[in-house]
Every structure is written in structure tokens, then in C-alpha cells.
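Reviewing the structure listed below.
Excluded from the calculations below are hydrogen atoms, water molecules and symmetry mates; all remaining heavy atoms, backbone and side chain alike, are included.
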Protein chains: 4
Amino acid sequence: MPKIVDHDERREKIVEIVAEMLATIGVERTTIREIARQSGYSRGFIEHYFKNKEELTINTIRWVNERSLSRVDEALCGLSGLAALQTFGEQMLPVTHEIRNEWKIRMQFWGVAAVSHEHRREQARRSDAAEKSIIDYLEQAQQAGEVEKTIELLPIAHSFLHRLYGLACNATLRPGYFTRHRQMLAVQEMMAEFARPRSAD
Amino acid sequence: MPKIVDHDERREKIVEIVAEMLATIGVERTTIREIARQSGYSRGFIEHYFKNKEELTINTIRWVNERSLSRVDEALCGLSGLAALQTFGEQMLPVTHEIRNEWKIRMQFWGVAAVSHEHRREQARRSDAAEKSIIDYLEQAQQAGEVEKTIELLPIAHSFLHRLYGLACNATLRPGYFTRHRQMLAVQEMMAEFARPRSAD
Amino acid sequence: MPKIVDHDERREKIVEIVAEMLATIGVERTTIREIARQSGYSRGFIEHYFKNKEELTINTIRWVNERSLSRVDEALCGLSGLAALQTFGEQMLPVTHEIRNEWKIRMQFWGVAAVSHEHRREQARRSDAAEKSIIDYLEQAQQAGEVEKTIELLPIAHSFLHRLYGLACNATLRPGYFTRHRQMLAVQEMMAEFARPRSAD
Amino acid sequence: MPKIVDHDERREKIVEIVAEMLATIGVERTTIREIARQSGYSRGFIEHYFKNKEELTINTIRWVNERSLSRVDEALCGLSGLAALQTFGEQMLPVTHEIRNEWKIRMQFWGVAAVSHEHRREQARRSDAAEKSIIDYLEQAQQAGEVEKTIELLPIAHSFLHRLYGLACNATLRPGYFTRHRQMLAVQEMMAEFARPRSAD
DNA sequence: CATGAATGAGCCTTCATTCAT
DNA sequence: AATGAATGAAGGCTCATTCAT
């Protein structure tokens, strides 16, 4: 009987280490040698589970995005409408070590995505999913009367999405300036926009 | 006497080529050898003007940011207040080949900036300058009565900045979706926020 | 399990080739590429066993000095006093291909040693060890009555050491002049000094 | 009228700088770039006076040896026999900064000489000249009755030469041990050998 | 005379990858 | 399943040298 190993589990373990390295030392210095060194696995072992570095890389970014989704989902349990939207924002912004790392990793690959179709698709998928979620919450909010029914959702969904991305990005570039507190205030501002009376009539 | 060449001019010419390559094939594949190949210059030639790759790289990103500033400045000539702000937004968003490349290059280095202090400082500087400009225009707008005097500028300046960055970033990741037209509409929306009567009184 | 190789053995095999090259074509032309070419190994192979060229180099000079010591030790077996000293001299002088190469290699690094602390220490160690050996043999000779007990050993030990080094050095620079025969005669002369009645008074 | 420049003077000036560099940073780091930097001359200037690096190098070692000879000659003025020999030894041993540098430079090239015919010839020439001088002084000493007439000069000349080279070499490798004082004592010992009654029988 | 622009060979090193065991 | 030995491509960089001016 051959030893039974849980492939997926091992793959995930490796991916987790790679994610940490990507966020800490960057994609350039995250070499297979270095992964092997830090994980304690052998080089061959790693390539036994990922046929090459590209596959390892793409799996890592995918894993990060999935984990991000899971975390948001978990925090959302039961919520809907504006409450959900606010939680969504709070769970996406880089206010914890984990989320900061997520954005760092994402940003590692935005550069690649800018010039590589495959990476762009992966990154676009995450952005697209976020957009869809936002619209969902806004629709719920409309249903619940939290947001005016006549309002067109796509523009304000985009506004929310972009402020989220822009803040996350700038908070990563200027961590001393965009503190956790300031980010939370920004979410408040973002929410205020929906609550605000849309017209004077 | 040897041929006299304008060093700065030469440096700029090289930097221009590097910028194009960064936006086209990405930072990873932009090797000195490849730069030499594409530019027709020899490897030694490039080293003659930049003592190492890091210097070449940092000069390129700096040049890109400076060119970006110049373009905005030029377009702004004479404008102030909300008109200036709108032009600023239009000149910053990736709606032309040149500006798209600028963001691609910026994004190339966000990943580096996420893990490298020096690059972070350089990128943060650009973001900070943008923020300051936005605040300036908003102050002018207040002076001119375009924007209510009682309103606090920093939050709405941040809102503008983040929407700009978020849109630019997403437009780069999803170019088919965030078309030039949609970006321009987004700017309109961003401006509408300031123009909108803030209260019903 | 991968092929198990004896690392030390491999390292020694490489070092042996490098030693031969150092003695033949000199340190300047002994590049890793050339080593790879002459040994039939790949560049990566060499790097697999030595993390960089400096380590390879320092190991080679150390190996040469150790082999030199071993050879002398072996030839000395059982000998002591003046007989040991004479054998020591004969085993150190560049009268065989192997010993000639040893001196050539040593001389390759004297230049480096002259301006580099680390290399100087390594070279000084060999010289110091030789001096100590010489003194040992002379003490034995005194015990055995071959050399007067009243004589101060350090000066004559130095004399022996310097004549050895000077002859080895000149024999390397003027191989046609300082033939094997002449070197052996020189050893005789060196020995005669001790045997000679120091005074009649 | 073209500017009249003294070629030889300029060549010597360059050579002097190169000599200093060879003794300080070693042959490996003495690149033409670095020479140009330290001398203030341009790279082209240097190669205007020396057709390539090899020529510059060989001229430098030759210049060093000539300067060494001059210094000895000057110190010898009027002396002959054993007095001359002693002065010769004192003027050759690395007891001053200048002479230390001379030996350092010589040793830089012994490694090259070991594997290069041309350099070997140059170095051999210096050694040969030293040997001849020593013999001359010894012959004078014999004429003057300072040294027994029956004694064969070649062996004791060689002894003197080798002790000189060996001491110089070891003093360069172990400068802390072979101090100026110890070197001078060593010369005394070397001289004592000639003065010593060769036999009591 | 003298400069320094420009070249390209060659160096050490790192790396992803293959493969026998 | 897992290892690590071995490879060779490619990277950044330094250098001696040539040559137009």
C-alpha cells in the first residue's frame, strides 16, 4: 500500500507559505529555492505538486482571493443591504495584517496583470466579483427601502468599488497616513453617500 | 576632443524606451539585454549612462511621473477650481495610450513598493502630490463659491483621489469594461458630487 | 531517493582540477567557465558544491597546503632531528612536478595576500607551521646531541625557513637555473650549517 | 607649434601611480578605469602612452625594479666588500614603506610570472641582478681579505640571496612578526656567516 | 594631443527545470 | 512519493579596447 497523502492539503500548505513570502519579500525574491528553504520542503517536492512556477504562482493568487471571499462571506452571515455593504467594505480594506497581505499580493500581480492576459483575467475576476457583490447589496438595500428605488445602481456601485480599491491601494503605499482609523472613517463616508437625501425636492 | 553628447538627453531617450518596454512586456522581462536589443544600443552604452539597473529603473518611474505631471499642468493652463479638478481627473485617467502606459508602469512598481521602502516612497510621493493638487483645486472652488465654504475638504479630496486610483486600476485590469466613455462618465459623476446642493436648506 | 554522492569527495575532485589549473594557467585565467570546460562539469555543478568562487579558491589553496603537509608527514615517518629537517627541506623544495605546482599556487596568492587580510592569514599560517616544524626538529636534534645545546634555535630556524622560501621562490622564477640538482646541493649546504662545529674555542 | 610634452615624464608619472595602486589594492583591482580615476587622467590619455594594459603593467614592474636598484646604488656609494653587502641587504629588505611596496608589487607578479614566460623573465632578471651584485661584493671582500680566498662564492651568494628573498617574502606575509628590528638582526646573522672563522681545524 | 563615447567579450551568480534514483 | 544532483539559460555587471572628434 502506498502512502496516502492528501494532495490538496499539501498544495494548500505550500501555497500558504508562498502567499506569506509574496507579501513579505515580494514576487521577485520569492524563488523556488527560497520557498523550499522557508518551507522545509525540498525543491523537487514543490515541483511535484506544481508543474512549474507559473502554476504555483497563479494558484497562490487564486487562493488568496478565495480566502478573501470566504472571510467576507463569513463576516456577512445573515446581513444584507447597506449593513452588508458596510461589512463588505470593512472586510476588504487593509486594516488587519491578513488583509494588508492580501492587497500586497494583489498589487504584486497587478503589474504582471497589466502585461499578461492570464493574470489580468484572474485579477479582473476578483474585481468583477466584488462589483457584483456590491450591486447585490445595493439591490437588497433598495428592496428594503434603504436606498431610493429610482436611483441607478451601477454608477454608485462603481463609485464604491473604486473608492475601495483606491483606498486599499493608497493605504498600502502610504500606510502611515491611511491608518486603520482613517480607513474606517472613509467607509463611513462611503456609506453616508447612500443614506444622504439624493435630492432637495 | 571627443564627440560631445548631451547626457541628459541620452538618458531621457533611454528612459523613454524603458518606459515603453515596462508598459508593454513588464518589469520582469525588461532586462538590460532586452533594452539593448530593442533600442539598438549596446549593453555598455546603457551602462555608460546609468550605473546600474536600479538607477535606470528608478529614473524611469520618476520620469513617467514627471511627464504625467507636466501633461496635467499643461492641460490645466489657466484653469482653477472645479474646472481644474475635472481636467485633472480627465488627464489622469487611462483613456489614452500614453496615460494607460503610465498606469501600467505605476502598477508594475506598486508590487515592488509594497515590499520595498524606497519604491514605496517614490510611489507615495506621486499619490501625495495628486492629493495636494486636488485639495488646491477644491480650495479654489470654495473661494469661487463653486463649493460650499463650510464643507470639510479632506474627506472629499480623498474620495476623489481614491475613485481616481480605483478607476485607473480597474480600467487597467478590465480595459474592455472600463472604456474611455465609461471613465469619462465616471468623472462626471465625481464632479457631480461637488456640484450637488449639499443640503436642502 | 536521489543519487547519493559523497560531497567531500566531489569537492576534492573539483579542487584538484582547480589546483592544476592555477598552477598551469594562473589565477586570472582560472574562471569558473574555464574550470567547467576543462573538467567537463557544468557551471551549475561547480556552484552546487561551492557557493561562490571565493569559497572555491580558498578551499583550493587550503587543500594544496594540506596536501603539502601530508606529503611531508608521510616522508618523515619515524625520522627526527636533523634527518627529519633534511627530509623536510627536500620534501618542500620544488623538485617534483607536484611540489613545483604547490609553490606556483602559493605564489599566485602571495600577491593577493599582500593586499588582502584573509589571504594573508591563510598564507601566514602555512609559513608559521613550517617554522614550528623546523624548530621542533632542531629541538630534537639538540636532545640527540646533533646540535649544540647552547645554540639559540630561533635564528637558525629562521635562516632555514628563509633559505627554503627564497630558494623555492627563485627556483620557480628561474627554473632553468635552480635545477633539482642545485636545489639538493643547497639543502646539503643548509644542513652543513648545523653540523658544522659552531666554535672551536 | 604643437604643445611639447615630455612623454617619458608623463609615462613615469602614470607608472608611479600604478605602482602605488598595485601595492595598495592589488593587481586585480588596478583597472584602467581606477587608474584614470585616481590619477585624474582620462582613460584615453593613459592608453595614449601605453598601448595596452599589459604594457603598462610590465613597465610598472620594470620601473619598480629600476627604482629599487637606484636606491641601493645610491646607498652603496663608495662602499665595497662586506660593508657593501650589508648595505645591500638593508636596502633590499622591506623595512620602509617604499621597500615594502616594492616587494608587494613583486609578489603581485610572482604569481603571473609562475605561469607567464614574459613576466618570469622580468622577475628573473631582478633576481639574477641581485645575485650578481652579491657575488661582486663577495669578490671584493675576498680581495680585501674580509672573506677567505679559498671559499667558493656561489653557494654563499645563493644563501644570502635566498635568505633575503625568503625573509622579504615572509615579512610581507607576516608583517607583525618580522618587524624591522627582527629583519635587521637577520641581516646581522647573515653577515656573521661570512665573518665567522670557516674552520678551526 | 587628448577625450570620452561606445562596444562587446567575459565574469560571477541565480534560477527554473529535468531526471535518475 | 520524494529527493537533490545536475544542467544551462539568462541576469547584472566590469572591463579593456577602439575610434570619431
Side-chain angles (χ1 to χ4, degrees), chain A residues 1-7 10 28-36 40-57, chain B residues 1-7 10 28-37 40-57, chain C residues 1-7 10 28-37 40-57, chain D residues 1-5 7 10 28-36 41-57:
Chain A
M1 278 270 295
K3 198 170 11 168
I4 294 300
V5 296
D6 186 333
H7 271 232
R10 293 220 171 154
E28 200 170 351
R29 288 172 52 203
T30 302
T31 65
I32 289 193
R33 272 169 150 78
E34 192 60 29
I35 296 167
Y41 296 131
S42 73
R43 284 207 297 284
F45 180 89
I46 291 165
E47 278 164 25
H48 193 266
Y49 288 99
F50 300 92
K51 78 169 197 284
N52 56 30
K53 200 193 176 186
E54 177 66 13
E55 197 191 295
L56 174 52
T57 290
Chain B
M1 283 288 287
K3 191 168 32 166
I4 290 302
V5 298
D6 184 333
H7 270 233
R10 280 271 213 280
E28 199 168 351
R29 289 172 51 204
T30 303
T31 65
I32 290 191
R33 275 169 157 78
E34 190 61 27
I35 296 167
R37 205 169 301 139
Y41 295 133
S42 72
R43 284 206 300 287
F45 177 88
I46 292 162
E47 194 217 318
H48 194 63
Y49 291 99
F50 297 92
K51 76 170 194 285
N52 56 30
K53 201 194 178 186
E54 177 67 12
E55 196 190 293
L56 175 51
T57 292
Chain C
M1 284 288 287
K3 191 167 30 166
I4 291 302
V5 298
D6 184 333
H7 269 231
R10 281 271 213 280
E28 199 168 349
R29 289 173 52 204
T30 303
T31 66
I32 289 192
R33 274 171 155 75
E34 191 60 27
I35 296 167
R37 205 170 300 140
Y41 296 132
S42 72
R43 283 207 298 287
F45 177 88
I46 292 163
E47 193 218 318
H48 195 65
Y49 292 98
F50 297 92
K51 75 170 196 285
N52 56 31
K53 200 196 177 184
E54 177 65 13
E55 196 190 294
L56 175 52
T57 291
Chain D
M1 277 271 296
K3 197 169 16 165
I4 293 301
V5 297
H7 272 232
R10 293 218 171 157
E28 200 169 350
R29 289 172 52 203
T30 302
T31 65
I32 289 193
R33 273 170 149 76
E34 192 60 30
I35 297 167
Y41 296 131
S42 73
R43 283 208 296 288
F45 180 88
I46 291 165
E47 279 163 25
H48 194 265
Y49 288 100
F50 300 92
K51 78 168 197 284
N52 57 28
K53 200 193 177 187
E54 177 65 13
E55 196 190 295
L56 174 51
T57 290

### Query
Roughly how many Å is it from CZ in C:R43 to C1' in E:dC12, rounded to a whole number?
9 Å
### Query
Roughly how far, to the nearest 0.5 Å, is OG1 of A:T30 from NZ of A:K53?
7.0 Å
### Summary
Rounded to whole Å, the CZ-C1' distance (D:F45 to F:dT17) equals 18 Å
### Query
Does F:dA2 have OP1 or OP2 sitting under 4.0 Å from an N or O in the side chain of A:R10?
yes
### Message
So, does A:H48 get its side chain near the phosphate of F:dA1, meaning an N or O under 4.0 Å from OP1 or OP2?
### Response
yes
### Query
According to the Watson-Crick and G-U wobble definitions, with both distances under 3.5 Å, which nucleotide is paired to E:dT21?
F:dA2
### Message
Can you measure A:R33 atom CZ to F:dA6 atom C1' for me and round it to whole angstrom units?
### Response
11 Å
#### Entry: Length of the line joining D:E47:CD and F:dC19:C1', which is rounded to integer Å
12 Å
### Interatomic distance, B:F50 CZ vs F:dC13 P [rounded to whole Å]
13 Å
### Message
Go nucleotide by nucleotide along DNA chain E from the 5' end; which of B:Y41 and C:E54 gets its closest nucleotide reached first?
### Response
B:Y41
## Note on the structure
Rounded to whole Å, the NE2-C1' distance (C:H7 to F:dA6) equals 11 Å
### Task
For B:S42 and for A:T31, locate the closest nucleotide of DNA chain E by heavy-atom distance; then report the residue assigned to the nucleotide nearer the 5' terminus.
B:S42
### Query
Reckon C:Y49 touches a base, only the sugar-phosphate, or nothing at all at heavy-atom distances under 4.0 Å?
sugar-phosphate
### Message
Between P on E:dC11 and CD on C:E34, what's the gap in Å once rounded to a whole number?
### Response
8 Å
### Atom CD of B:E55 with >12 non-hydrogen neighbours under 6.0 angstrom
yes
